[in-house]
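Worksheet for the structure shown next.
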Amino acid sequence: EVGRPRAYVSQGSTGTTDLLRRAVEELAAAGFAVIASTGGLCSADELAGLGEGIEAAKLHDTRAELRAADVAVISGGHMTAMEALRAGVPTVVLPRVSSQALSGKRAERLGTGIGLWPRVPKGAIARAALRVLSRPRYLNRAREVARRLEGVIGERDAAALAIALSRETS
């Protein structure tokens with residue numbers, strides 16, 4: 001929607017339904033146009049009914065949606081986290097397990113996003129998304145990391161470079 005910041009939301013197929021619903025609801029209430037992939041965790045109609053400006057489907061084209069988003073709210077699974085880095089979009093990471101929490105910590109070290117773990121207080125998702133949007137350093141850094149990842153072949157090489165970049169900023 002014109003004038004609304006665009007948020008891509010996904011908890012993958014192994015995330016939590018509660019965090020997916022909360023993210024969509026909080027972001028819609030905060031004025032975001034929300035594009036949500038349900039991953040089969042709940043119905044698209046259920047998510048679309050949580051507020052205005054919500055488009056939900058079982059699956060979206062993740063790469064295209066990340067490129068079009070102003071912010072991505074993800075669980076932090078390896079593939080989606082790397083796609084977000086490659087797309088140059090700031091992230092809010094809502095991990096379900098400790099291995100996904102590493103993606104949140106990496107986003108924070110890189111300066112490309114915020115990780116919310118292990119607790120996610122009410123309203124924290126929208127606040128984190130608004131924070132990454134209101135501070136240009138997140139977008140600038142996300143774009144810089146994406147430029148550094150250009151031409152890197154394969155997810156394993158991209159992940160190794162992302163890890164090295166996060167150590168540079170520690």
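Computed from a prediction, not measured in an experiment: that's the story for all the values here.
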So, does Ser103 use its side chain to make a donor-acceptor pair with the main chain of Gly76 at under 3.5 Å?
yes
Under the side-chain contact (heavy atoms from CB on, under 4.5 Å) rule, collect the residues that match up with Leu130, sequence neighbours excluded.
Ala30, Phe32
Taking salt bridge (charged side-chain N to carboxylate O under 4.0 Å, His left out) as the cut-off, I'd like each qualifying pair that reaches into residues 95-106, sequence neighbours left out, listed once.
none
How close do Leu94 and Ala23 get, counting heavy atoms only, and between which atoms?
CD1-CB, 4.1 Å
Looking at Asn140, Val132, Leu133, which one forms a side chain to side chain contact (heavy atoms under 4.5 Å, CB included) with Pro90?
Val132
According to salt bridge (Lys or Arg N to Asp or Glu O under 4.0 Å), who are the partners of Glu25, at least two apart in sequence or on a separate chain?
none
What closest approach, in Å, do Gly31 and Pro5 show between heavy atoms, and which atom pair accounts for it?
O-CD, 3.7 Å
How would you list, by chain and number, every residue that makes a salt bridge (Lys or Arg N to Asp or Glu O under 4.0 Å) with Arg135, sequence neighbours excluded?
none
side-chain contact (heavy atoms from CB on, under 4.5 Å) involving Thr17 - partner list, sequence neighbours excluded:
Arg21, Leu41, Cys42
Which atom pair, heavy atoms only, marks the closest approach of Leu47 to Ala56?
CB-CB, 3.8 Å
Run through the side-chain heavy atoms of Ile, Leu, Val, Met, Phe, Trp and Tyr, join any pair under 4.5 Å, and report what else lands in Val93's cluster.
Ile74
If hydrophobic residues (ILVMFWY) are linked whenever their side-chain heavy atoms come closer than 4.5 Å, directly or via other members, who joins Leu139 in its cluster?
none
Just jot down the side-chain contact (heavy atoms from CB on, under 4.5 Å) partners of Arg119, sequence neighbours excluded, or say none.
Pro121
Would Val89 and Ile125 show up in the same hydrophobic cluster when neighbours are defined by side-chain heavy atoms closer than 4.5 Å?
no
Is it possible for you to say whether Leu102 and Leu110 belong to one hydrophobic cluster, with membership spreading through side-chain heavy-atom contacts below 4.5 Å?
no
Under 3.5 Å, is there a donor-acceptor pair between the side chain of His60 and the main chain of Ala36?
yes
Which residues satisfy the side chain to side chain donor-acceptor pair (under 3.5 Å) test with Glu26, sequence neighbours excluded?
Arg22
Any residue meeting side-chain contact (heavy atoms from CB on, under 4.5 Å) with Ala101, in chain and number order, not counting sequence neighbours
Pro95, Trp117
Any residue meeting side chain to side chain donor-acceptor pair (under 3.5 Å) with Ser37, in chain and number order, not counting sequence neighbours:
Tyr8
Check for me, please, whether Leu66 and Leu149 land in the same ILVMFWY cluster - side-chain distances under 4.5 Å, paths through other members count.
no
Please name the pair of heavy atoms, one in Arg6 and one in Ala68, separated by the smallest distance, quoted to 0.1 Å.
CD-O, 3.3 Å
Distance from Ser10 atom OG to Glu83 atom CD, nearest 0.5 Å?
12.0 Å
If you group Ile, Leu, Val, Met, Phe, Trp and Tyr by side-chain heavy-atom gaps below 4.5 Å, do Val24 and Ile35 land in one group?
no
Salt bridge or not between Arg147 and Glu144? Use side-chain N to carboxylate O under 4.0 Å.
no
So Arg63 and Arg67, side-chain contact (heavy atoms from CB on, under 4.5 Å) or not? Walk me through it.
CA-CA 6 Å; Arg63 286 181 181 173; Arg67 284 191 299 268; 3.6 Å; yes
By salt bridge (Lys or Arg N to Asp or Glu O under 4.0 Å), which residues pair with Glu55, not counting sequence neighbours?
none
Report the C-alpha distance between Thr91 and Tyr138 in whole Å, list the side-chain angles of each, state the deciding distance to 0.1 Å, and finish with yes or no for side-chain contact (heavy atoms from CB on, under 4.5 Å).
CA-CA 9 Å; Thr91 57; Tyr138 287 105; over 6 Å; no
Can a donor-acceptor pair be found, under 3.5 Å and without considering hydrogens, that links the side chain of Ser134 to the backbone of Arg131?
yes
Heavy-atom pair with the smallest gap, counting every atom of Ala28 and Glu52
CB-O, 3.6 Å
After noting the C-alpha distance and the side-chain angles of Val145 and Arg148, does the key distance pass the side-chain contact (heavy atoms from CB on, under 4.5 Å) rule?
CA-CA 5 Å; Val145 169; Arg148 301 267 306 262; 5.6 Å; no
